[in-house]
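Take a look at the structure below.
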Amino acid sequence: MRKVAFYSVIFGILLVVSLASSSKNFIVDETKLQDSTSLIREYHKEAYTPHAPIVITSDADFASQGWPGDGSENSPYLIQDFNITSSDRCVSISNTDAHFKIADCFFSPNVSLQGTGIYLYDAVNGTIEGCEFEDFVYGIFVAYTVDGNISNNNFRNCDVWGISVEHASDFLISENDIRDSQGGGILLWSSDDNTVSFNDINATMLSNIKVYDSDHCDIINNSIGVWVNWGIEARLSIGVTFANNTFYDEYYGLELTDCEFCALENNEFEKGGFELRGDEIEHFMSNSFENNTVESEPIAVLVNRSSETLDASAYGQLFLFNSSDCVVQEGNFDHRLVGVSLAFCSNSIVRSIDSIHNPSCLVELQMCDNTEITLCNVSDSLNVGFRIVNSDNCALTGNRAMWSGTSYSYGVGMYYNYNVTISDCVFGASGITGDLNAGCWIVNNDMQGRTGVYQFRMDNSTFMNNNLHGLQYYGFRFRDSSNLTVVNNSFHDNEGYGIDIQEDCENIRIFNNTFMNNKLDNARDNGVKNNWDDGVSLGNQWDDYNGTGVYSIPGSAESADNYPLFLPEDVLPTIVGPDDKEFSAAVATYTLTWDPHDNHPKGYELYLNDSLIESGSWSGGLVEYNITIVEAGTYNYTLIVYDASGNFAADTVIVTLEFPTTSTETTTTTTETTTIAEPVSGENWWEAEILGMPMLWILGIGSIVVVLVIVVILKRK
């Protein structure tokens with residue numbers, strides 16, 4: 001029985017080892033899994049019949065090339081089951097009227113991201129179905145063509161568009177799968193009366209569906225998974241229906257820009273929603289909206305309201321058009337394309353609206369007047385926090401636009417406005433950017449992050465009492481701007497310029513500002529006729545002004561501050577001095593070296609035992625003094641350094657000289673005695689002996705005892 005138990009143990013051990021060894025057969029080769037898709041595609045390619053590129057330029061070419069019939073009325077021509085590879089055009093059909101069908105083919109280029117799979121030009125009555133397109137610039141390119149059908153095709157990694165339809169009409173583009181592309185999905189460009197339906201488009205860098213200058217199209221029942229850009233982008237189009245589309249993982253959702261009489265119905269957005277832009281009232285009021293949701297919350301489009309207070313928290317997004325004297329308040333719009341949008345509104349207020357991560361902005365005003373955005377907070381917006389366009393006499397007050405990390409976003413984007421005031425706001429990534437603004441006031445704001453203010457074509461505006469600090473680039477940058485006043489601002493601790501005036505800027509007045517510790521330079525002026533003082537007696541404070549003469553501004557304008565001010569400083573100078581020194585010699589020769597520091601160094605004085613022995617200017621480097629002492633004694637050397645504000649620091653070094661003396665040395669020899677301890681006597685002598693043994697000896701003796709006990713037991717048995 002003992003043998004059985006013994007062999008059972010051995011068998012169990014071997015079984016475990018065997019199982020551990022055999023488990024290697026179940027390890028998944030992730031590399032092979034990753035390559036499986038490409039292997040399947042290669043298999044598909046092999047399943048088709050290789051064929052040279054096909055070029056058809058007339059109906060006669062179909063017959064002369066021997067293409068068989070059937071596919072449409074009266075036996076159309078059929079191109080089917082081919083594997084065609086070309087970095088130009090795999091199939092090119094132009095100037096034809098005959099019905100034709102291209103079906104179940106595999107198209108790819110010789111070199112990735114080159115060429116076009118199928119090119120149709122004035123080739124009516126064509127059908128493309130069941131084909132695969134991979135690695136082209138364009139999968140299918142259609143131009144000046146009518147009555148087509150593009151259905152049930154697969155597109156992968158197209159560099160520009162999967163399907164591009166330009167100046168074409170009456171096409172059905174349905175049930176196509178487009179994904180994993182550096183370009184976009186489906187483009188309708190100046191193409192009317194087309195239907196785009198039941199397509200699955202995902203992971204494209206450009207718009208998944210773009211409708212440009214195309215009227216009376218239907219974009220319905222599509223599944224839109226957005227990777228980077230717009231899910232659906234529509235511009236300058238009339239009478240387009242967007243219905244029953246589903247958006248997931250979207251950044252930008254759906255945008256209508258300058259569109260009229262369009263319908264948005266029953267669209268579902270996972271998080272982004274949609275946005276409307278335009279510059280005419282028809283771009284907002286002529287469109288219809290019904291049953292659209294974002295995160296299952298209703299998207300409200302409200303029009304013609306007056307003197308109402310609207311609770312924004314009841315909606316996934318809120319749009320207010322052509323209304324007056326309204327208050328929109330108390331909503332949170334995380335991850336929305338835009339939270340609250342007003343267009344053609346007057347005398348209204350948007351307040352206490354918050355969000356995290358808006359792809360476009362939190363609040364926008366378009367064509368509004370006398371409207372205020374106040375006490376709103378946004379963080380981590382991808383574009384701007386607040387957007388103001390074509391609006392007059394509007395204000396942003398007491399808002400915050402912050403970022404948790406490095407961002408290229410701005411707090412405010414302002415374009416084509418007059419008399420807009422931005423005051424008492426905090427911007428944590430970049431401040432304010434814009435174009436074509438006039439009569440604006442930028443007052444009492446705190447800006448840090450990347451860039452303070454970047455304005456292009458701004459006139460007759462004032463920047464006052466702003467604090468611009470810790471910016472990665474510049475405080476203010478102006479281009480093609482004139483008649484600006486920059487007064488009482490602080491530019492400090494920025495990596496770039498405090499103010500950068502670029503070409504085509506003129507008549508900008510800059511005075512009573514503070515410039516300190518801007519690393520690239522405090523200022524640069526490449527404009528013309530700009531004034532860096534008030535023209536009377538007041539210039540700016542500069543941390544690098546030496547206290548005499550004018551202050552020259554770097555740049556091609558060769559400007560100067562004629563009344564520069566010396567920047568007072570609260571930070572005291574510091575000195576790292578040498579250690580005290582003692583000499584025993586007939587003569588002491590030594591160099592005393594001090595290492596003083598200050599932001600604005602000016603001068604120094606050196607004293608010996610309270611008597612001034614040297615003084616001069618100090619520009620921030622080391623201060624050295626060579627000494628030679630021939631008389632024994634103690635000497636106190638004291639250095640005092642001064643900065644431009646009159647602050648000072650002092651350090652004293654004591655140098656002692658003693659003449660050497662002659663002495664007689666006595667050498668004493670010491671004998672070291674080593675004492676060996678006697679054995680310990682008494683009843684516990686063994687404790688000292690055993691405890692003093694090395695541990696290995698104890699273990700060895702113990703092992704021998706155990707073996708002897710086992711032997712005795714065995715013999716007794």
Side-chain angles (χ1 to χ4, degrees), residues 490-493 498 514-523 533 537-554 560-665:
S490 177
F491 305 88
H492 63 95
D493 299 295
T514 298
F515 297 87
M516 184 175 66
N517 199 28
N518 298 293
K519 293 185 180 179
L520 190 57
D521 216 327
N522 280 326
D533 53 64
S537 60
L538 184 60
N540 302 279
Q541 293 182 317
W542 309 91
D543 67 348
D544 55 349
Y545 177 51
N546 62 12
T548 59
V550 301
Y551 181 90
S552 297
I553 310 298
D561 182 347
N562 296 299
Y563 308 100
L565 299 173
F566 186 58
L567 181 63
E569 182 180 20
D570 295 330
V571 179
L572 300 178
T574 60
I575 301 178
V576 177
D579 295 333
D580 295 340
K581 192 73 174 175
E582 295 182 359
F583 294 93
S584 178
V587 177
T589 302
Y590 188 64
T591 300
L592 297 173
T593 302
W594 286 274
D595 185 12
H597 292 273
D598 191 78
N599 292 331
H600 312 99
K602 183 175 183 180
Y604 77 95
E605 295 176 350
L606 182 61
Y607 291 83
L608 172 58
N609 297 333
D610 299 327
S611 297
L612 180 65
I613 58 174
E614 187 172 293
S615 63
S617 62
W618 167 55
S619 59
L622 299 175
V623 176
E624 296 182 336
Y625 185 73
N626 297 319
I627 63 172
T628 300
I629 302 175
V630 297
E631 294 184 5
T634 299
Y635 301 84
N636 295 332
Y637 292 90
T638 300
L639 176 70
I640 301 176
V641 294
Y642 300 90
D643 65 15
S645 299
N647 301 309
F648 67 91
D651 181 77
T652 298
V653 180
I654 300 174
V655 180
T656 302
L657 175 63
E658 292 182 355
F659 294 143
T661 59
T662 302
S663 62
T664 302
E665 288 190 4

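Heavy atoms only: backbone and side chains are in, while hydrogens, waters and symmetry mates are out.
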task = Kindly give the heavy-atom pair with the smallest separation between G621 and P596, and that separation in Å.
result = O-CD, 3.7 Å
request  = Taking D651 for its side chain and I575 for its backbone only, find out whether a donor-acceptor pair lies under 3.5 Å.
outcome  = no
query = Would you call N609 and T634 a side-chain contact if the rule is heavy atoms closer than 4.5 Å?
reply = no
request  = Could you tell me whether the side chains of T656 and E582 share a donor-acceptor contact shorter than 3.5 Å?
outcome  = no
inquiry  = Around atom CD of E658, are there more than 12 heavy atoms from other residues, nucleotides or ligands closer than 6.0 Å?
reply    = no
inquiry  = Using side-chain heavy atoms (C-beta onward) and a distance below 4.5 Å, is D533 in contact with N540?
reply    = no
ask   = Of the non-hydrogen atoms in P554 and A523, which two are nearest, and what is the gap between them?
value = CD-O, 3.4 Å
ask   = Does any non-hydrogen side-chain atom of W594 lie less than 4.5 Å from one of P578?
value = yes
ask   = side chain to side chain contact (heavy atoms under 4.5 Å, CB included) with N522: which of Y545, F515, F491?
value = F515
Polar side-chain atom of D595 near backbone of V576 as donor-acceptor pair, under 3.5 Å = no
remark   = To the nearest 0.5 Å, atom NE2 of H597 lies from atom OG1 of T574 at 6.0 Å
N626 side chain to T591 backbone, donor-acceptor under 3.5 Å = no
Pairwise side-chain contact, V641 with Y604, heavy-atom cut-off 4.5 Å (strictly under) = yes
message = Any non-hydrogen side-chain atom of L639 less than 4.5 Å from a side-chain atom of Y637?
response = no
query = Looking at OH of Y635 and CG of L592, how far apart are the two atoms once the value is rounded to the nearest 0.5 Å?
reply = 13.0 Å
key: Taking every non-hydrogen atom, the tightest pair across L657 and A585   = CD1-O, 3.3 Å
remark   = d(D610 CG, T638 OG1) to nearest 0.5 Å is 7.0 Å
ask   = About how many Å separate NZ of K581 and CD1 of I627, when rounded to the nearest 0.5 Å?
value = 10.0 Å
ask   = Rounded to the nearest 0.5 Å, what separation is found between the CG atom of D544 and the CG atom of N517?
value = 10.5 Å
inquiry  = For V623 and W618: C-alpha separation, side-chain torsions, deciding distance, then whether side-chain contact (heavy atoms from CB on, under 4.5 Å) applies.
reply    = CA-CA 8 Å; V623 176; W618 167 55; 4.2 Å; yes
ask   = Which atom pair, heavy atoms only, marks the closest approach of Y563 to S537?
value = CB-O, 3.4 Å
query = Between F566 and Q541, which heavy-atom pair has the shortest distance, and what is it?
reply = O-NE2, 4.1 Å
message = Check whether D561 reaches the backbone of Y551 with its side chain - one donor and one acceptor, N or O, closer than 3.5 Å.
response = no
key: From CH2 (W542) to OG1 (T514), nearest 0.5 Å   = 10.0 Å
request  = Apply side-chain contact (heavy atoms from CB on, under 4.5 Å) to the pair E605 and L612, showing each step before the final yes or no.
outcome  = CA-CA 7 Å; E605 295 176 350; L612 180 65; 3.8 Å; yes
key: Exercise: identify the closest heavy-atom pair between P573 and A649   = O-CB, 3.3 Å
request  = Report, as yes or no, whether the 6.0 Å neighbourhood of atom CD on E624 holds more than 12 heavy atoms from other residues, nucleotides or ligands.
outcome  = yes
query = Do the side chains of V655 and Y590 get nearer than 4.5 Å, heavy atoms only?
reply = no
request  = Using only heavy-atom distances, determine whether the side chains of N636 and Y607 contain a donor-acceptor pair under 3.5 Å.
outcome  = no
